[in-house]
Every structure is written in structure tokens, then in C-alpha cells.
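Residues: numbered from 1 along the sequence shown. Not measured: the values here are computed from a predicted model.
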Amino acid sequence: MGKYEGLTITQERLEDLIDLQDTLQSFMKQPFTKLLMGQVGDQNNSLNMDYPLQVVAIEQLNLPKNEKEPEDYTAAEKISTALLTSLTAYAQQFMMHGDRTRHKMIISDEADITDKNDKGRELNNTIVRRGRYFTTSLIKGAQNASDQENDINNMGMKFCFHLNKTEEATQMLHFMGLPITQMNIRRLTSLERGVCLFQDIYGRVDILRVNPVFDEVLAAFDTSTSSIEERKREKERSAHYI
């Protein structure tokens with residue numbers, strides 16, 4: 001036995017510490033654990049509420065289904081849930097932070113994934129309920145129109161980019177309250193990259209081309225796997241729309 005700042009280290013406590021160390025080391029094998037825990041000598045940038053733009057991109061997030069009991073979570077599911085809990089707390093603090101006259105936006109890409117988890121759903125619901133008071137807007141992105149079916153009545157503005165399937169286009173037209181015609185379906189399934197069908201809070205609809213203005217913003221949200229040559233051809237192809 002030994003003593004450390006008044007704490008007696010018994011054999012039982014030492015074994016508990018070793019078990020904790022082994023558990024933490026097993027968690028560190030997950031690719032995104034460093035977002036929650038660091039090691040001595042690590043130099044990582046942290047989130048800062050005073051920055052005008054912050055992007056958190058997480059690959060291989062493995063969130064458990066709602067019906068799964070916590071004691072049955074895998075190591076990856078435990079870390080994923082802890083990470084989403086931390087992001088939930090941070091986003092809520094960001095919403096309530098600073099001057100209410102300053103409009104803030106929280107963008108949740110692949111929002112259907114977080115909505116299927118209790119903590120993720122809690123985050124989105126809190127922003128929707130209290131966002132108006134704290135001058136904060138929630139922008140939800142998903143691959144399919146059906147992913148947002150439960151929240152469609154709470155959405156003020158809707159952006160629909162290219163859709164591949166007729167069924168998806170039909171459902172999006174239904175969500176927007178637009179006539180389900182072959183012409184409208186073809187319009188949604190033939191949208192160019194960076195072009196969307198937009199509907200404002202008054203129900204007005206038009207075709208828009210998204211211009212991020214700053215190249216840094218475009219690069220921050222770029223998830224394309226295209227080569228440099230392919231991107232150059234896409235840029236030349238889109239030049240005549242500007």
C-alpha cells in the first residue's frame with residue numbers, strides 16, 4: 001500500500017485503477033475518441049463559441065438504436081453516445097451564449113442519424129423549441145425527404161437538391177405542398193449540382209444556385225471524393241450558371 005495526497009491506495013483500489021486504465025485504453029482504439037479524451041503531449045484545437053464558423057466532422061460514428069439497453073452498448077456505441085452528449089451540451093450552450101440580437105445557426109448534416117438517437121433528438125428538439133427566443137436557427141440536412149417527415153410542420157424554409165428516385169421527388173413535392181406532376185418530378189430529378197428548389201416561409205418557390213461566396217466555406221463543407229481533374233471539369237461546367 002501507499003499514500004497519494006491523503007488517499008490510501010489499497011490493493012482493491014489499485015485493481016480498480018488498472019481496470020479503469022484498461023477501459024480507457026480500449027476506448028482510445030476508436031478513431032474519434034480523441035475528440036473527447038487526449039493524451040499527454042497532444043496538441044488539439046478545441047471548439048470556441050467566439051469563432052464565427054466551426055465545423056465538427058465525425059466519421060464512423062456508431063450510435064445505438066433507441067431500444068438497445070446501455071449495458072449492451074459496444075465500446076464504439078459508448079464513445080459515440082458520449083460524443084453526441086458532449087456535442088448536445090455544447091450546441092445548447094452555443095445557442096444561449098452571447099447577445100440574443102446576433103443570429104446563430106446550427107447545421108446538422110445527416111440529421112436523420114442523430115434523430116434516431118435519444119441524445120441527438122434531444123438536441124434538435126431543444127433548438128426547435130427555444131431557438132426563436134435565443135435567435136438560433138436549426139438547419140437539418142438528410143438524403144431523403146422521408147427522413148424529416150416528423151418535423152415537416154416545424155420547418156420554415158425548405159431546400160431540395162437533386163433527387164434520384166421518382167418516389168423521393170413525389171414525397172418532396174407533397175411536403176412542399178406543390179402539384180405532383182411529371183414536370184415537377186423531372187425538375188427535382190434533373191437539378192444540377194449546387195442547384196436547389198427553395199421554398200420560403202410564405203410558400204413561395206423558385207430554383208436557386210447556391211453560392212458560398214468564400215472558397216474557405218466551400219472547402220470546409222466539401223465531402224466530395226472527386227479528383228482534382230473531375231472538380232475542374234465540374235467547375236467549368238457550372239460556370240455558365242453564375
Subject >> Shared hydrophobic cluster for Phe94 and Tyr51 (ILVMFWY, side-chain gaps under 4.5 Å) >> reply: no
Original post:
Distance-only, no hydrogens or angles: does the Glu168 side chain make a donor-acceptor pair with backbone N or O of Leu163 under 3.5 Å?
Top reply: no
Original post:
Any side-chain heavy atom of Arg130 within less than 4.5 Å of one from Met96?
Top reply: yes
Subject >> Shortest non-hydrogen separation from His162 to Leu191 and the atoms involved >> reply: ND1-O, 3.4 Å
Original post:
If you measure from OG1 on Thr74 to CD on Glu77, what distance do you get to the nearest 0.5 Å?
Top reply: 3.5 Å
**OP:** Look up atom OG1 in Thr181 and atom CG in Leu173, then write down how far apart they are to the nearest 0.5 Å.
**Re:** 7.0 Å
Original post:
For Met183, what are the other residues in its hydrophobic cluster, where any two members join if their side-chain heavy atoms are less than 4.5 angstrom apart?
Top reply: none
**OP:** Hey, could you give me the OG/CZ distance between Ser137 and Arg132, rounded to the nearest 0.5 Å?
**Re:** 10.5 Å
**OP:** Drop me the distance from Met95's CE to Lys104's NZ, to the nearest 0.5 angstrom.
**Re:** 8.5 Å
Original post:
Measuring from Met176:CE to Asn184:CG, what's the distance to the nearest 0.5 Å?
Top reply: 10.5 Å
Subject >> Closest non-hydrogen atom pair, Ile185 against Ala169 >> reply: CG2-CB, 4.0 Å
**OP:** Any chance you could lay out the side-chain contact (heavy atoms from CB on, under 4.5 Å) test for Met172 and Leu197, step after step, and finish with the verdict?
**Re:** CA-CA 10 Å; Met172 178 57 70; Leu197 181 69; 5.7 Å; no
**OP:** Nearest 0.5 Å please: distance from the CG atom of Leu138 over to the CG atom of Asn125.
**Re:** 9.5 Å
Original post:
What are the two closest heavy atoms between Lys165 and Thr189, and how far apart are they?
Top reply: O-CG2, 4.2 Å
Subject >> With Glu71 via side chain to side chain contact (heavy atoms under 4.5 Å, CB included) - residues at least two apart >> reply: Glu69
Original post:
With clusters built from Ile, Leu, Val, Met, Phe, Trp and Tyr whose side-chain heavy atoms come within less than 4.5 Å, directly or transitively, what are the remaining members of the cluster of Met157, listed by chain and number?
Top reply: Phe159, Phe161, Phe198, Ile201, Tyr202, Leu208, Val210
Original post:
Checking Thr135 side chain against Arg100 main chain: does a donor-acceptor pair fall under 3.5 Å?
Top reply: yes
